[in-house]
Visitor: 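What follows is a single structure, and I will ask about it in a moment.
In what follows, every heavy atom counts, from backbone to side chain, and hydrogens, waters and symmetry copies are set aside. Lettering of chains follows the sequences in order, A, B, ..., and the numbering in each one begins at 1.
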There are 2 protein chains.
Amino acid sequence: MEVKEQDLENLQVQLSPEEYVQMLLPLKDALDILSGKWKLQIIFSLKFGRKRFKEIQRAIPGISPKMLSKELKELEINELAQRFVYDTKPITVEYELTDYGQSLKPVVTELYKWGAAHRKRIIGRG
Amino acid sequence: MEVKEQDLENLQVQLSPEEYVQMLLPLKDALDILSGKWKLQIIFSLKFGRKRFKEIQRAIPGISPKMLSKELKELEINELAQRFVYDTKPITVEYELTDYGQSLKPVVTELYKWGAAHRKRIIGRG
DNA sequence: CGGCATCCGGCGGGATACTG
DNA sequence: CAGTATCCCGCCGGATGCCG
């Protein structure tokens with residue numbers, strides 16, 4: 001089965017249970033890579049250009065060096081971020097989104113937009 | 001500080017560290033509600049209409065009743081899903097996205113699209 | 001059927017200290 | 001600076017059983 005993207009928003013056809021499961025696979029793949037507290041925040045913070053390790057850490061309150069290191073490594077493995085080492089004293093390390101990582105911008109942007117709308121909604125109740 | 005959405009994609013202005021932190025808040029809010037393995041899968045499975053508890057469970061391989069119940073409750077608290085109980089024998093319970101929950105469709109769609117592209121990329125390597 | 005209560009084991013991830 | 005190593009606690013979440 002193949003579901004065309006333009007049909008996704010308002011799909012009316014009847015699908016079998018197995019077809020539902022099939023349709024979930026791309027979403028699961030994305031979540032396997034991106035879910036968790038930190039990864040999308042890191043990607044967001046790298047959207048605006050190359051950053052040093054400590055800059056990322058400062059940009060994301062609450063993340064420990066251990067977590068940041070682990071998450072960046074996973075982003076590297078999935079070819080979403082790239083690591084650059086400079087032999088200065090002390091050592092300098094920078095991270096940057098790969099072209100492939102840039103392809104996540106629409107995802108992050110949608111999430112950001114929804115979060116912003118949600119904030120307004122919540123604050124509006126005060 | 002206020003960042004206009006249309007500037008988000010390719011922001012060039014220099015931001016202070018504090019401004020970066022501020023910009024992350026909407027994303028954090030969204031992640032607080034949506035992050036984790038299951039929530040977006042549940043929302044995805046409800047995109048196509050009202051479903052019974054067991055239907056959702058069948059649509060999402062690997063989720064236990066306990067998890068599903070807990071996650072649905074959290075979606076309810078955040079007014080993203082609504083619960084309908086019917087006094088049949090045995091009892092029937094259905095879930096449906098609220099109008100507010102529907103506002104997540106673009107998020108889920110972007111994630112789905114990215115996941116689909118990622119699948120192709122991975123499979124293409126063999 | 002759609003849950004909740006209880007038990008329990010594993011590991012995610014914080015805190016702290018250390019290194020090239 | 002950019003991490004690693006170690007310790008260790010908490011809670012996430014699976015398995016099972018029960019209930020309206």
Visitor: Under 4.0 Å between a side-chain nitrogen and a carboxylate oxygen: does that hold for A/Lys39 and A/Glu71?
Guide: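 Yes.
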Visitor: Nearest-Å distance, CD (A/Glu76) to C1' (D/dG3)?
Guide: 13 Å
Visitor: For A/Ile60 and C/dG13, give me the distance from atom CD1 to atom P, rounded to whole Å.
Guide: 14 Å
Visitor: Donor-acceptor pair, A/Ser35 side chain versus B/Lys37 backbone, under 3.5 Å?
Guide: no
Visitor: Contact class for B/Tyr95 vs. all strands (heavy atom < 4.0 Å): base, sugar-phosphate, or nothing?
Guide: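 Sugar-phosphate, no base atom in range.
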Visitor: Can a donor-acceptor pair be found between the side chains of A/Gln102 and A/Lys105 at a distance below 3.5 Å?
Guide: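 Yes, side-chain donor-acceptor contact under 3.5 Å.
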Visitor: What's the CZ-P distance between A/Arg58 and D/dG3, to the nearest Å?
Guide: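 Atom CZ in A/Arg58 sits about 14 Å away from atom P in D/dG3.
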Visitor: What is the nucleic acid contact for A/Lys70, judged by heavy atoms within less than 4.0 Å: base, sugar-phosphate only, or nothing?
Guide: sugar-phosphate
Visitor: Centroid separation under 6.0 Å, is that true for the rings of B/Tyr100 and A/Trp114?
Guide: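 A/Trp114 vs B/Tyr100: aromatic centres under 6.0 Å.
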Visitor: Look at B/Arg52 and C/dC1 and indicate whether a side-chain polar atom (N or O) is within less than 4.0 Å of OP1 or OP2.
Guide: no
Visitor: When you measure from the side chain of B/Pro90, which nucleotide among C/dG14, C/dC1, D/dG13 comes out closest?
Guide: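 My answer, after comparing the listed nucleotides, is C/dC1.
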Visitor: So, does B/Lys37 get its side chain near the phosphate of D/dG13, meaning an N or O under 4.0 Å from OP1 or OP2?
Guide: no
Visitor: Measure the spacing between OH of B/Tyr95 and CZ of B/Arg83 and express it to the nearest 0.5 Å.
Guide: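 Rounded to the nearest 0.5 Å, the OH-CZ separation comes to 4.5 Å.
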Visitor: How many whole angstroms separate atom NZ of B/Lys73 from atom C1' of D/dC12?
Guide: 16 Å
Visitor: Distance check needed: C/dG12 P versus A/Ile63 CD1, whole Å only.
Guide: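 So the two atoms are 15 Å apart, to the nearest Å.
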Visitor: Would you mind reading off the distance between B/Lys51 atom NZ and C/dC1 atom P, rounded to a whole angstrom?
Guide: 17 Å
Visitor: Among D/dG3, D/dA2, D/dG14, which nucleotide has an atom closest to any side-chain atom of B/Met67?
Guide: D/dG14
Visitor: Would you say a side-chain N or O of A/Arg83 is under 4.0 Å from OP1 or OP2 of D/dG3?
Guide: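 Looking at the OP1 and OP2 atoms of D/dG3, one of them is under 4.0 Å from a side-chain N or O of A/Arg83.
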Visitor: With respect to the phosphate group of D/dT4, does any side-chain polar atom (N or O) of A/Ser69 fall under 4.0 Å of OP1 or OP2?
Guide: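 A/Ser69 to D/dT4 OP1/OP2: side-chain N or O found under 4.0 Å.
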Visitor: Quickly work out the B/Leu68 CG to C/dC1 P distance and round it to whole Å.
Guide: 14 Å
Visitor: Taking only side-chain N and O atoms of A/Thr88, does any of them lie within less than 4.0 angstrom of OP1 or OP2 on D/dC1?
Guide: no
Visitor: In whole Å, I'd like the distance from the CD atom of A/Glu71 to the P atom of D/dT4.
Guide: 13 Å
Visitor: Consider the side chain of A/Ser64, meaning its heavy atoms from C-beta on, and name the nucleotide among C/dG14, D/dA2, D/dG13 that approaches it most closely.
Guide: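 Per side-chain heavy atoms of A/Ser64, the pick is C/dG14.
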Visitor: Out of D/dG3, C/dG2, C/dG14, which has the shortest distance to the side chain of A/Pro65?
Guide: D/dG3
Visitor: So if I take every side-chain heavy atom of B/Lys66 and compare against D/dC1, C/dT6, D/dA5, which nucleotide ends up nearest?
Guide: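 Per side-chain heavy atoms of B/Lys66, the pick is C/dT6.
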Visitor: Would you please confirm or rule out a distance under 4.0 Å between OP1 or OP2 of D/dC1 and any side-chain N or O of A/Lys54?
Guide: yes
Visitor: Looking at A/Arg50 and A/Glu94, is any side-chain nitrogen of the basic one under 4.0 Å from a carboxylate oxygen of the acidic one?
Guide: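 Salt bridge: yes.
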Visitor: Between C/dC4, C/dG3, D/dC1, spot the one nearest the side chain of A/Ile91, thanks.
Guide: D/dC1
